[in-house]
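The block underneath contains the structure these notes are about, expressed in C-alpha cells.
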Amino acid sequence: MTEGKQVELLSGADMVVRALADEGVEYIYGYPGGALLHVYDAIFRQDKITHVLVRHEQAATHMADGYARASGKAGVALVTSGPGATNTITGIATAYMDSIPMVVLSGQVPSQFIGTDMFQETDMVGISRPIVKHSFLVKKAEDIPEVLKKAFYIAQTGRPGPVVVDLPKDITDLTKKYPYEYPDKVKIRSYSPPAKGHGGQIRKAADLLVNARRPVIYAGGGVVMGNGSEELRQLARQTGAPVTNTLMGLGSFPGSDKQFVGMLGMHGSYTANLAMHHSDLILAVGVRFDDRVTNGVSKFCPTAKIVHIDIDPASIAKNIPVDIPIVGPVSSVLKELNHEVAQISSSQDKEALENWWKQIEEWRTGRGGLFPYEQAEGVIKPQQVIQALYETTKNDDAYITTDVGQHQMFAAQHYLYDKPNRWISSGGLGTMGFGLPAAMGVKLHNPDATVACVTGEGSIQMNIQELSTCKQYDLGVKIINLNNQALGMVRQWQTMQYNSRYSHSYMDSLPDFKKLVEAYGHVGLSVTKASDLLPAMEEAFSLKDRLVFLDVAVDPNEHVYPMQIKDGSMRDMWLSKTERT
C-alpha cells in the first residue's frame, strides 16, 4: 500500500470495474448472467466505462478483437459462466491464432461449488487452456487488482494474445469490502519478453541483406502488432528490396508503393510467389511460415538463405529452417538493422538489384497486372465490387474488416492498404462471423472513421443478430455482401478437387437481406446490375451515420486466382480453371 495514501475499501465486483477503469479501458463488450450479476451491478453504479450489450457472446470477443487489431491495445469481453463462457471459445481461438491482445472476464460458480457440476458450471480455465496465452482463476477478492494488472501485461507484451480471468461469484460479493490499490506495474518471475535483439545476429543479417542479389522482404502481422511499419518502410527504402505481405501483414507496407509486389501465399500474387521462389535472401519479419504461405515445405524457396525476426522464439524455425534467427521486438530489431545496413550499404551490388527488378517487372506485366480477371457482360464480378469499394473509400483512411472465404481473398487482393491496422481479418483460424462484430468494435472506438465489413451470405448469417446491437449503439458501419448464393471457397475446392460434386455448398432459402436489414432499423440496398454498382456504393458511404447493408449479386462461378497447387513450390499456381504455371 502506498505510504500516506488513504485506504479505499471496495467489494470484489467494484474492484473488477475500478481496475478496468484504472487500466484505461473505455468499453467492455458483454452479456450478463447469474454468475456475474454482482459485477453488472458495479457497472451500473459507475460512469467511467461503457458496457456494450451484444446479442451473442462470440460477438463480444470479436468486437474486442476488432478494437485490438485497430488500436494495438487489449480489448475486453465480459461473459457469465457455463454457456456464456463457452460461447467465447471461437473468439478466443481467433485472437490466439493471430496474436491479438484480449482479456476475457468470465463468471464462475461460487468457489465452494467448483467441481460439483453446479448449474452453469464449466471449467473455463481448462477449456480455454490450449488457446490462451495465460489464464487465472481468482481465489481471493484481494487479488483482483494484481491479477487484472498481470492479465493486461501478459496480453499486450511479448507476442500478444488472449488471457482469461475466471471470477467465482463469491469473490465479487457486494457485501464484503477489501483494501483496493491498482498496481503501477507488475513483474512476473517466469515471464520476461525480450527487450531487444542480439546485436551480432543483426549485424550478420545486415551483411546478408546488403550482399544479396535477389532479396525479398517478407512481412507479417508481427510488424503490425509490433508497431514496426515505419522501420520496415525505412529498411525497404535503404535496400531497394521488393516487399511482400502475408494476409495478416497487409498495410504494414503501403499497398500502393512501387516496391510492394503483393500478398504472397496460397492466393497470393503471381509476382510475389515467383519472387519468393527465386530469391536468394528472404528477410522474414513477424511471420510464422504457416502452411498458407509455404505450400510444400520441402520445396520452399530452395535457393534462399533466410533471416527470421520474431518476438516469439517458439515461432523461429518451427516450420522452416532459418539461417539467422533474431529474437526480439520487431520495431527495435528493425531500427538496429536499419542502422547496420546504413553502415555498409555502399557495398551493395546495384546492378544485381536492377536486374532483379527487371525480372520482377516482367512477371508483373506478363500477367497483365497482379490480379487479372475476365469481365463478363451483364454479370458483376466480385473483384469489381472490391475495386468499387476502394475507389469510394481510398481517400477516407478506411478500416476494412472481412469475414472468411472468397470475399476475404478478393478484399485482400484488390484493395490497397497503405497503413497498418486498417485491414482487419481472421487469418489463422479463418472464422466466419468475425467481420461484422469486428467492424463494430472498430467503429465504436473510432466513431468518425469510415468502417466497412466485406462479407458473404454464409458468413454474415453467423452473427447477423448483431444488427440489433448496431441499432442500439448507432454504429454506422457499412456491410458489403458479395452474394454468390454459395459457400464460395468450399465450392471452388469442390470444383477443382472433387470433380464438381457440390456437397452442401449451395445456400438455399436465403433471406431478402434488404428487408431483413430494414427490419432491424437500418438501410438496405440491392445491386444486380454492374452499371448500378458504383452509384450504390457511393450512396451507401454518403449516409455517414447509418448502417447500410449493400447486397450485391455477384458471379457465382468466379474463382479466386492465383491458387497454389497443393504440395508444390511457391511458383506452382493455378492461374485460371484451365491454366497453370
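Just the heavy atoms: all of them, side chains too, but no hydrogens, waters or symmetry mates, feed the values below. Count residues from 1 along the sequence. Predicted model, so just to flag it, every value in this text is computed and none were measured.
Here the CG-NZ distance, from Asp291 to Lys566, works out to 9.0 Å after rounding to the nearest 0.5 Å. Put simply, OG on Ser425 and CG on Asp98 are 8.0 Å apart, with the number rounded to the nearest 0.5 Å. Distance check: Met118 CE to Lys169 NZ gives 8.0 Å after rounding to the nearest 0.5 Å. A distance of 10.5 Å separates OG1 of Thr294 from CZ of Arg288, quoted to the nearest 0.5 Å. The CG atom of Leu20 sits 5.5 Å away from the CG atom of Leu105 when rounded to the nearest 0.5 Å. In this structure, CG in Leu247 is found 10.5 Å from CD in Gln413, a value given to the nearest 0.5 Å.
Judged purely by distance below 3.5 Å, without hydrogens or angles, the side chains of Gln472 and Arg55 pair a donor atom with an acceptor atom. Between the side chains of Ser468 and Gln465, no donor-acceptor pair is found at a separation under 3.5 Å. With hydrogens and angles left out, the side-chain atoms of Asn483 and Gln485 include no donor and acceptor closer than 3.5 Å. Under 3.5 Å, the side chains of Glu57 and Thr88 contain no donor-acceptor pair of N or O atoms. With no hydrogens or angles considered, no side-chain donor-acceptor pair links Ser71 and Asn421 at under 3.5 Å. Between Asp170 and Ser111, the side chains place a donor N or O and an acceptor N or O closer than 3.5 Å (distance only, hydrogens not considered). A donor-acceptor contact closer than 3.5 angstrom is absent between the side chains of Gln58 and Asn87. Side-chain atoms of Glu457 and Asn481 include no donor-acceptor pair closer than 3.5 Å. Between the side chains of Ser11 and Asp14, at least one donor N or O lies within less than 3.5 Å of an accepting N or O.
Judged by distance alone, the side chain of Gln108 and the main-chain N or O of Asp123 form no donor-acceptor pair under 3.5 Å. For Gln46 (side chain) and Ile43 (main-chain N/O), a donor-acceptor pair under 3.5 Å exists by modelled atom type. Listed for the Thr246 side chain is a donor-acceptor partner under 3.5 Å among the backbone atoms of Gly249. The closest donor-acceptor contact from the side chain of Lys177 to the backbone of Leu10 lies at 3.5 Å or more, if one exists at all. Checked by atom type and distance alone, the side chain of Thr401 pairs as donor or acceptor with a backbone atom of Gly435 at under 3.5 Å. A donor-acceptor pair under 3.5 Å is formed between the side chain of Asp290 and the backbone N or O of Arg292. Not a single donor-acceptor pair under 3.5 Å links the side chain of Glu181 to the backbone N or O of Val7. A donor-acceptor contact shorter than 3.5 Å is absent between the side chain of Glu466 and the backbone of Leu436. Looking only at distances, no side-chain donor or acceptor of Lys514 sits under 3.5 Å from a matching main-chain atom of Asp551. Listed for the Gln492 side chain is no donor-acceptor partner under 3.5 Å among the backbone atoms of Gly488.
Crowding of Tyr498 atom OH: a count of heavy atoms from other residues, nucleotides or ligands under 6.0 Å not exceeding 12. For Lys149, the NZ atom is densely surrounded, since the number of other residues' heavy atoms within 6.0 Å is greater than 12. Around the NZ atom of Lys73, the shell of radius 6.0 Å holds no more than 12 heavy atoms that belong to other residues, nucleotides or ligands. At most 12 non-hydrogen atoms from other residues, nucleotides or ligands lie less than 6.0 angstrom from CD of Glu146.
The shortest distance between side-chain heavy atoms of Val451 and Cys453 does not fall below 4.5 Å. Side-chain contact between Trp423 and Thr402: present, with at least one pair of heavy atoms (C-beta onward) separated by less than 4.5 Å. At least one side-chain heavy atom of Leu78 sits under 4.5 Å from a side-chain heavy atom of Tyr40. Side-chain contact check for Ile49 versus Glu26: every heavy-atom pair is 4.5 Å or farther apart. Inter-residue side-chain proximity for Val327 and Pro313 is flagged as met; some heavy-atom pair is nearer than 4.5 Å. Between Ile424 and Val442 the shortest side-chain heavy-atom distance falls below 4.5 Å. Considering only heavy atoms from C-beta on, Ile127 comes within 4.5 Å of Ile89 through its side chain. Between Leu487 and Met507, some side-chain heavy-atom pair lies under the 4.5 Å cut-off.
With Tyr399 as the aromatic partner, Arg422 meets the cation-pi criteria of under 6.0 angstrom to the ring centre and within 45 degrees of the ring axis.
Contact between Lys478 and Leu543 at its shortest, heavy atoms only, is NZ-O, 2.5 Å. Here the closest non-hydrogen pair linking Ala59 and Pro437 is O-CB, 3.6 Å. Ala13 approaches Leu174 most closely through the heavy-atom pair CB-CD2, 3.7 Å. When all heavy atoms are compared, the tightest approach of Met102 to Ala64 is CG-CB, 4.3 Å. Contact record, Tyr67 with Gly75: CD2-CA, 3.7 Å, taken as the closest heavy-atom pair. Heavy atoms only, all atoms of each residue included: Pro183 and Pro145 are closest at CD-O, 3.8 Å.
Ring geometry for His522 versus Tyr520: interplanar angle under 30°, hence parallel rather than tilted (30 to 60°). Classified by interplanar angle (parallel below 30°, tilted 30° to 60°, perpendicular above 60°), the ring pair His134/Phe136 is perpendicular. Between Tyr218 and Phe289, the angle of the ring planes goes over 60°, which puts this pair in the perpendicular group of the 30/60° scheme.
Residue pairs that meet the side chain to side chain donor-acceptor pair (under 3.5 Å) test with at least one member in residues 437-454, sequence neighbours left out, are Tyr29-His445. A side chain to side chain donor-acceptor pair (under 3.5 Å) check over residues 154-163, counting only residues at least two apart or in different chains, returns the pairs Ser99-Arg159, Thr157-Tyr191, Arg159-Asp312, Arg159-Ser315.
No salt bridge links Asp22 with Arg18; every basic N to acidic carboxylate O contact stays at or beyond 4.0 Å. Using a 4.0 Å cut-off between charged nitrogen and carboxylate oxygen, Asp143 and Lys139 do not count as a salt-bridge pair.
Checking Thr431, Thr61, Asp65 one by one against Thr94, the side-chain hydrogen bond (donor to acceptor under 3.5 Å, both in side chains) holds for a single residue, Thr431.
Between Tyr180 and Tyr178, the gap from one ring centroid to the other reaches at least 6.0 Å.
With sequence neighbours left out, Arg189 forms a side-chain contact (heavy atoms from CB on, under 4.5 Å) with no residue at all.
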Could you go step by step and tell me if Phe549 and Phe513 meet the ring-ring contact (aromatic ring centres under 6.0 Å, His included) rule?
CA-CA 8 Å; Phe549 190 107; Phe513 285 109; 5.4 Å; yes
Before you tell me yes or no, could you show the steps for Leu467 and Ile479 under side-chain contact (heavy atoms from CB on, under 4.5 Å), namely the whole-Å CA-CA distance, both residues' side-chain angles and the distance that decides it to 0.1 Å?
CA-CA 10 Å; Leu467 290 173; Ile479 302 169; 3.9 Å; yes
Stepwise side-chain contact (heavy atoms from CB on, under 4.5 Å) check, Val163 with Val132:
CA-CA 6 Å; Val163 175; Val132 295; over 6 Å; no
